[in-house]
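Just below is one structure, and these are the notes that go with it.
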There are 2 protein chains.
Amino acid sequence: MDRPQAVEKLVKVFRQYGYEGATLSRISQATGLGKASLYHHFPNGKQEMAAAVLQYVGEWFENTILMPLRSQEEPAQRIRLMSDRLRQFYDCGRSACLLAIFTLGESDDLFHAQVNQMLNAWIDSLAEVMVESGISAKQARLRAEDAVIQVQGALVLTRGLDDTEPFERTLRQLPVNLLEGCHL
Amino acid sequence: MDRPQAVEKLVKVFRQYGYEGATLSRISQATGLGKASLYHHFPNGKQEMAAAVLQYVGEWFENTILMPLRSQEEPAQRIRLMSDRLRQFYDCGRSACLLAIFTLGESDDLFHAQVNQMLNAWIDSLAEVMVESGISAKQARLRAEDAVIQVQGALVLTRGLDDTEPFERTLRQLPVNLLEGCHL
DNA sequence: GTCTATACACCGATAGAC
DNA sequence: GTCTATCGGTGTATAGAC
């Protein structure tokens with residue numbers, strides 16, 4: 001078991017239980033590694049594990065979800081590609097978002113800067129698509145924020161209602177909401 | 001210190017730290033009560049404290065936020081009243097939502113049913129306003145869900161960006177989003 | 001109704017063998 | 001690189017005095 005493999009397991013634990021709830025016991029069980037082995041891969045302990053998770057997810061998000069937004073496809077198609085990846089990433093809305101989770105408790109103090117940066121990266125990438133579609137920078141920023149709001153809110157509702165439909169519907173609506181008024 | 005007073009303090013702790021992060025030490029400090037005293041008011045311990053918090057918030061939500069939706073004001077005004085109460089309740093978006101927090105970790109297993117019920121109560125109350133405004137039941141339900149999505153998502157973004165503007169803007173937009181197409 | 005004192009499990013973390 | 005064993009601290013919970 002190398003570190004990247006371990007990190008993938010860690011992601012699941014932190015997403016399900018949050019920072020405080022992600023105990024070394026649960027992490028040990030999820031990875032199959034003993035506690036001492038975990039400290040071989042992450043000498044600074046749980047805090048480093050969470051940081052590694054955040055970095056891994058940040059890169060995955062950048063390469064898998066935001067990359068389609070910068071492709072040569074037409075704008076609407078780029079948004080649809082992002083939506084498809086989001087559906088996969090969040091398991092149709094059943095898995096929580098680390099960015100939301102890490103704004104709670106201790107992890108907020110530790111990782112607020114990274115969370116802020118990742119949210120802005122997402123918003124900026126979305127806004128760029130709209131600017132290319134002829135929307136003003138100011139309007140593009142507002143619509144991009146609204147899109148992130150809708151995805152995050154849909155995650156909460158889908159998990160709370162135990163029904164993936166709100167999340168699916170929100171993803172379907174994204175291209176329309178973002179590019180309304182553009183020549184499509 | 002009687003139990004209702006204690007519960008009000010508990011709400012803050014659970015909202016800030018989540019279920020697992022709300023330790024008896026923090027609760028003891030926040031309430032000024034020793035751990036043993038807490039067990040006088042809540043014999044079943046932390047689980048009962050969280051349940052009391054959820055019930056208290058549920059009643060407060062019902063009486064303070066949903067009540068205006070059933071008033072005799074015109075629909076748009078009812079939505080505006082709800083938005084004002086929401087702004088107060090969530091401290092302009094700086095305080096997290098217990099319903100979102102309790103869908104994580106252990107607390108999800110314990111309180112999923114209550115969270116589900118409270119979200120549905122909110123959605124139903126919103127939908128009722130729209131039905132009275134001439135919107136079909138089906139459409140009303142969809143718009144109501146969207147409103148909850150937007151409030152929850154705006155909370156995540158406002159907290160993540162450390163900027164209350166997205167939350168404020170979302171609340172301002174609610175009447176328009178919900179009653180678009182109605183004679184206002 | 002609140003306290004001090006305490007029980008016992010689990011927490012994050014470390015030592016050292018293999 | 002993984003393990004067993006263990007540390008000091010903290011977690012939830014309880015006993016019993018006042």
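Here is the naming used below: chain letters follow the sequence lines, and residue numbers restart at 1 for every chain.
- Using a 4.0 Å cut-off between charged nitrogen and carboxylate oxygen, A:Arg94 and A:Asp162 do not count as a salt-bridge pair.
- Of the residues in residues 22-33 of chain A, those lying under 4.0 Å from DNA chain C by heavy-atom distance are A:Ala22, A:Thr23, A:Leu24, A:Ser25.
- Classification of B:Glu20 and A:Arg26 as a salt-bridged pair holds, one side-chain N sitting under 4.0 Å from a carboxylate O.
- The backbone N or O of A:Asp2 lies less than 3.5 Å from a partner atom in the side chain of A:Gln5, making a donor-acceptor pair.
- Donor-acceptor pairing under 3.5 Å is recorded for the side chains of B:Arg70 and B:Ser125.
- An angle of 0°, rounded to 10°, separates the two end axes of the helix from C:dG1-D:dC18 to C:dC18-D:dG1, each defined over five pairs.
- Under the 3.5 Å distance criterion, with hydrogens and angles disregarded, a donor-acceptor pair is assigned to the side chains of A:Arg80 and A:Gln77.
- With a cutoff of under 4.0 Å to any heavy atom of chain A, the contacted region of DNA chain D is bounded 5' to 3' by D:dG1 to D:dT4.
- Of the possible donor and acceptor atoms, none in the side chain of B:Thr158 sits under 3.5 Å from a partner among the backbone N and O of B:Leu155.
- Within the 4.5 Å cutoff, no side-chain heavy atoms of B:Leu81 are placed close to those of B:Ile65.
- By the salt bridge (Lys or Arg N to Asp or Glu O under 4.0 Å) test, B:Arg169 pairs with A:Glu145, A:Asp146, B:Glu165, sequence neighbours left out.
- In this structure, a donor-acceptor pair under 3.5 Å is absent between the side chains of A:Ser83 and A:Arg172.
- Against DNA chain D, the stretch residues 38-49 of chain A makes heavy-atom approaches under 4.0 Å through A:His40, A:His41.
- In this structure, B:Lys46 forms no cation-pi arrangement with B:Phe14, as its terminal cationic atom is not both closer than 6.0 Å to the ring centre and no more than 45° off the ring axis.
- Take A:Glu48 and apply the salt bridge (Lys or Arg N to Asp or Glu O under 4.0 Å) test, not counting sequence neighbours, and it matches A:Arg3.
- Atom pair A:Glu106:CD and C:dC11:P shows a separation of 14 Å (rounding to whole Å applied).
- Side-chain atoms of B:Thr103 do not come within 3.5 Å of backbone N or O of A:Gly160 as any donor-acceptor pair.
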